[in-house]
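Throughout, a chain's letter reflects where its sequence line sits, starting with A, and its residues are numbered from 1. The figures that follow rest on heavy atoms only: side chains count, while hydrogens, waters and symmetry mates do not.
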There are 2 protein chains.
Amino acid sequence: MKSKFRFVYQQLADEIRTSRYEPGSLLPSEHELTDRFQVSRETIRKALKLLSEHGYIQKVQGKGSVVLDFARLEFPFSGVMSFQELNEKLALSALTDVIRFEQQPASSTAATRLDLTEGDPVWAVERVRTIEGERVILDQELFSVAVIPKLTREICEKSIYAYIEGTLGLTISFAKKEIVVEEATPTDQAHLDLHGATHVVVVRSYTYLDDATLFQYTASRHRPDKFRFVDFARRVLQ
Amino acid sequence: MKSKFRFVYQQLADEIRTSRYEPGSLLPSEHELTDRFQVSRETIRKALKLLSEHGYIQKVQGKGSVVLDFARLEFPFSGVMSFQELNEKLALSALTDVIRFEQQPASSTAATRLDLTEGDPVWAVERVRTIEGERVILDQELFSVAVIPKLTREICEKSIYAYIEGTLGLTISFAKKEIVVEEATPTDQAHLDLHGATHVVVVRSYTYLDDATLFQYTASRHRPDKFRFVDFARRVLQ
DNA sequence: AAGTGGTCTAGACCACCTC
DNA sequence: AGGTGGTCTAGACCACTTG
């Protein structure tokens, strides 16, 4: 564990997940936690801030930190989760089929999406995800060659994220996503088991690295009945 | 403005929005901002944390705070936004039609959803949202009478959120949401202009107050082509 | 009045990036 | 080496809730 506040966060998160604190009850006060973990109050507060951002608790001034019902939604916080990670989490039997893999100069739309100049080299990848025997997701992805100089079909068959974070030592940091429903294209119909569905759910995402570099654009096309998105949203006051 | 760090946040956010800082460039260092705003470094850091959580900047250790491309997605952060707020933002001509309004004892499913005991009184409200002449959203809502003792049809026609936050003086704090696609029900078909759409996008949300009280459950049923959801997601490391 | 969280400070040391 | 952000501390005062 790197930092003290992350340790405290982990500890308390585990205790909440394993129901050592009842939903609706209060966590020990910041002062008590200071005693228990032998760290300063600001450090405890950083841990509690994380817990609250991830939907474990809600802080109420003058009262304390209320433990939330963690089970109400399965994944109480949304994140930048790769297909692989999602699979491990759900323990599903999944397969990835690479149906397109090439390097090419960026078209004008591709350049816009990756914040590049037209003609800059990009990787164009299309992958079909088969879950429990059915082809349900079509991922159409663009990667900047400037960020990922080398890429192989084999890497695409496993996990590009694992390659980027493991082998290349880069850190994926955040993503901006948009979710809409669109008519199924002939490509969708060719590569997905749509079972008569006329539309697909499209998740477009722009993924950024640690150093704020935009390196990936993805359109993830889901069969509607196999799509589910969970979000934990704090109110934003302007 | 209440606090110093919120003031600094507002100031910098405004300057980023009005392009006083180029996307990709660096914000002044924390030390320089300390000088400029005459506050401590921790206060500056709280403001920068907010900016980063809202998608304005990305902090890079050893380098600085990189200004992000704010325009890439229209609403770079998701929040708990009411229908009214969304309308004002989009300046759409919208109408609300209350098709159901009653107080009743909670059924067992209603009780589960609002974390109440079966038989506890709840408000059951159904509202149809008409945007630009078309009925595109059906909201099915449950409110706890314990939290909202008085409610009228008139309030439902305007904005329940405005009533709760304005008249009742309560503060809406956060929501847990789930998005799925479901077959259109006869109710959907009766009240929405589906134009042949066979499915609807369903956003289920549990809304909480400031004091961690769960007070609202909503199933918001959207005509697919009029649905759009934008999310800004930081990577969650476990 | 006592306890809780919310804000703010000044100073320290560390890890990382760039020159 | 110097600048940047990341972490941590001890102490202070304020605002809110509860008895």
Side-chain angles (χ1 to χ4, degrees), chain A residues 1-12 21 24-53 56-68 169-171 173-174 208-213 234-235 237, chain B residues 1-12 21 24-53 56-68 169-171 173-174 208-213 234-235 237:
Chain A
M1 189 58 52
K2 304 165 197 176
S3 48
K4 294 190 188 179
F5 79 88
R6 260 181 264 271
F7 174 79
V8 174
Y9 163 76
Q10 279 290 351
Q11 202 67 26
L12 294 174
Y21 298 106
S25 70
L26 293 176
L27 234 47
S29 74
E30 296 180 352
H31 181 68
E32 286 171 305
L33 291 172
T34 291
D35 271 3
R36 171 176 163 196
F37 289 102
Q38 291 297 306
V39 296
S40 75
R41 185 169 160 231
E42 282 295 337
T43 302
I44 293 292
R45 283 176 60 73
K46 275 185 193 168
L48 295 182
K49 181 110 196 296
L50 262 189
L51 286 171
S52 117
E53 281 168 0
Y56 286 92
I57 64 168
Q58 164 80 354
K59 302 186 84 176
V60 185
Q61 190 168 18
K63 279 184 68 179
S65 301
V66 181
V67 177
L68 297 180
L170 303 172
T171 306
S173 172
F174 65 95
Y208 292 74
L209 295 177
D210 226 10
D211 62 355
T213 321
R234 307 221 135 250
R235 185 177 189 73
L237 296 170
Chain B
M1 190 58 50
K2 304 163 195 177
S3 48
K4 293 190 188 177
F5 78 89
R6 259 181 264 272
F7 174 79
V8 174
Y9 163 77
Q10 280 291 353
Q11 202 67 25
L12 293 175
Y21 297 106
S25 70
L26 292 175
L27 234 48
S29 75
E30 296 181 351
H31 180 69
E32 286 171 305
L33 291 172
T34 291
D35 272 3
R36 171 176 163 196
F37 289 103
Q38 289 297 308
V39 297
S40 75
R41 183 167 162 234
E42 282 296 338
T43 302
I44 293 292
R45 283 177 60 73
K46 274 186 194 168
L48 295 182
K49 180 110 196 298
L50 262 189
L51 286 171
S52 119
E53 281 167 1
Y56 286 92
I57 63 170
Q58 165 80 353
K59 302 186 83 175
V60 185
Q61 190 168 19
K63 279 185 66 179
S65 301
V66 182
V67 178
L68 297 179
L170 303 172
T171 306
S173 172
F174 65 96
Y208 293 75
L209 295 177
D210 225 12
D211 61 356
T213 319
R234 308 224 132 246
R235 186 174 187 75
L237 294 172

K.L.:
Considering non-hydrogen atoms only, spot the tightest contact between A:V60 and B:D210 and give its length.
P.N.:
CG2-O, 3.7 Å

K.L.:
Salt-bridge test for A:K49 and B:E53: reply yes if a basic N is under 4.0 Å from a carboxylate O, no otherwise.
P.N.:
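Answer for the salt bridge query: yes.
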
K.L.:
Of the listed nucleotides (C:dA12, C:dC8, C:dG6), which one gets closest to any side-chain atom of B:T43?
P.N.:
C:dC8

K.L.:
Atom CD of A:Q58 to atom P of C:dT4: distance rounded to whole Å?
P.N.:
18 Å

K.L.:
Map B:F5 and A:G64 onto DNA chain C by nearest heavy atom, then report which one ends up closer to the 5' terminus.
P.N.:
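Going by which nucleotide is closer to the 5' end, it is A:G64.
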
K.L.:
What integer distance in Å separates A:K49:NZ from D:dG6:P?
P.N.:
13 Å

K.L.:
In this structure, how many angstroms lie between the C1' atom of D:dG3 and the CG atom of B:L26, rounded?
P.N.:
12 Å

K.L.:
B:F37 CZ to C:dT9 C1': how many Å, rounded?
P.N.:
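So the CZ-C1' distance, B:F37 to C:dT9, works out to 18 Å.
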
K.L.:
Is the ring pair A:F174/A:Y208 parallel, tilted or perpendicular, if the boundaries are 30 and 60 degrees?
P.N.:
parallel

K.L.:
Mind calculating the distance between NE2 (A:H31) and P (C:dA2) to the nearest angstrom?
P.N.:
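For the pair A:H31 NE2 and C:dA2 P, the rounded distance is 15 Å.
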
K.L.:
How close or far is atom P of C:dG5 from atom CG of A:L48, stated in whole angstroms?
P.N.:
8 Å

K.L.:
On the nucleotide C:dT4, are OP1 or OP2 found under 4.0 Å from the side-chain N or O atoms that A:S29 carries?
P.N.:
yes

K.L.:
Below the 4.0 Å mark, does D:dT7 have OP1 or OP2 next to a side-chain nitrogen or oxygen of A:R6?
P.N.:
yes

K.L.:
Among D:dT4, D:dG6, C:dC8, which is the nearest nucleotide to the side chain of B:K59?
P.N.:
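Ranking D:dT4, D:dG6, C:dC8 by closest atom to the B:K59 side chain puts D:dG6 first.
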
K.L.:
Rounded to the Å, how far apart are B:Q38 CD and C:dA10 C1'?
P.N.:
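Taking atom C1' of C:dA10 as the reference, CD of B:Q38 is at 14 Å.
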
K.L.:
Choosing from C:dG5, D:dG5, C:dT9, which nucleotide comes nearest the side chain of A:S65?
P.N.:
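Taking heavy atoms from C-beta onward, the closest nucleotide is C:dG5.
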
K.L.:
Determine, stepwise, if the pair A:K4 / A:E42 fulfils salt bridge (charged side-chain N to carboxylate O under 4.0 Å, His left out).
P.N.:
CA-CA 11 Å; A:K4 294 190 188 179; A:E42 282 295 337; over 6 Å; no

K.L.:
Compare side-chain N and O positions of B:K63 against OP1 and OP2 of D:dG3 and report whether any pair is under 4.0 Å apart.
P.N.:
no

K.L.:
For A:R41 and for A:V60, locate the closest nucleotide of DNA chain D by heavy-atom distance; then report the residue assigned to the nucleotide nearer the 5' terminus.
P.N.:
A:R41

K.L.:
Check step by step if side chain to side chain donor-acceptor pair (under 3.5 Å) holds for B:S173 and A:Q58.
P.N.:
CA-CA 9 Å; B:S173 172; A:Q58 164 80 354; 2.9 Å; yes

K.L.:
Would you indicate which nucleotide in D:dA15, D:dT7, C:dT9 comes nearest to any side-chain atom of B:K4?
P.N.:
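When the side chain of B:K4 is considered, C:dT9 is the closest of D:dA15, D:dT7, C:dT9.
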
K.L.:
Of the candidate nucleotides C:dC8, D:dC8, C:dT4, which contains the atom at the shortest distance from the side chain of A:E42?
P.N.:
C:dC8

K.L.:
In whole angstrom, what separates B:D210's CG from D:dA15's C1'?
P.N.:
13 Å

K.L.:
Among C:dG5, D:dT7, C:dC8, which nucleotide sits nearest the side chain of B:R45?
P.N.:
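Side chain of B:R45 sits closest to D:dT7.
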
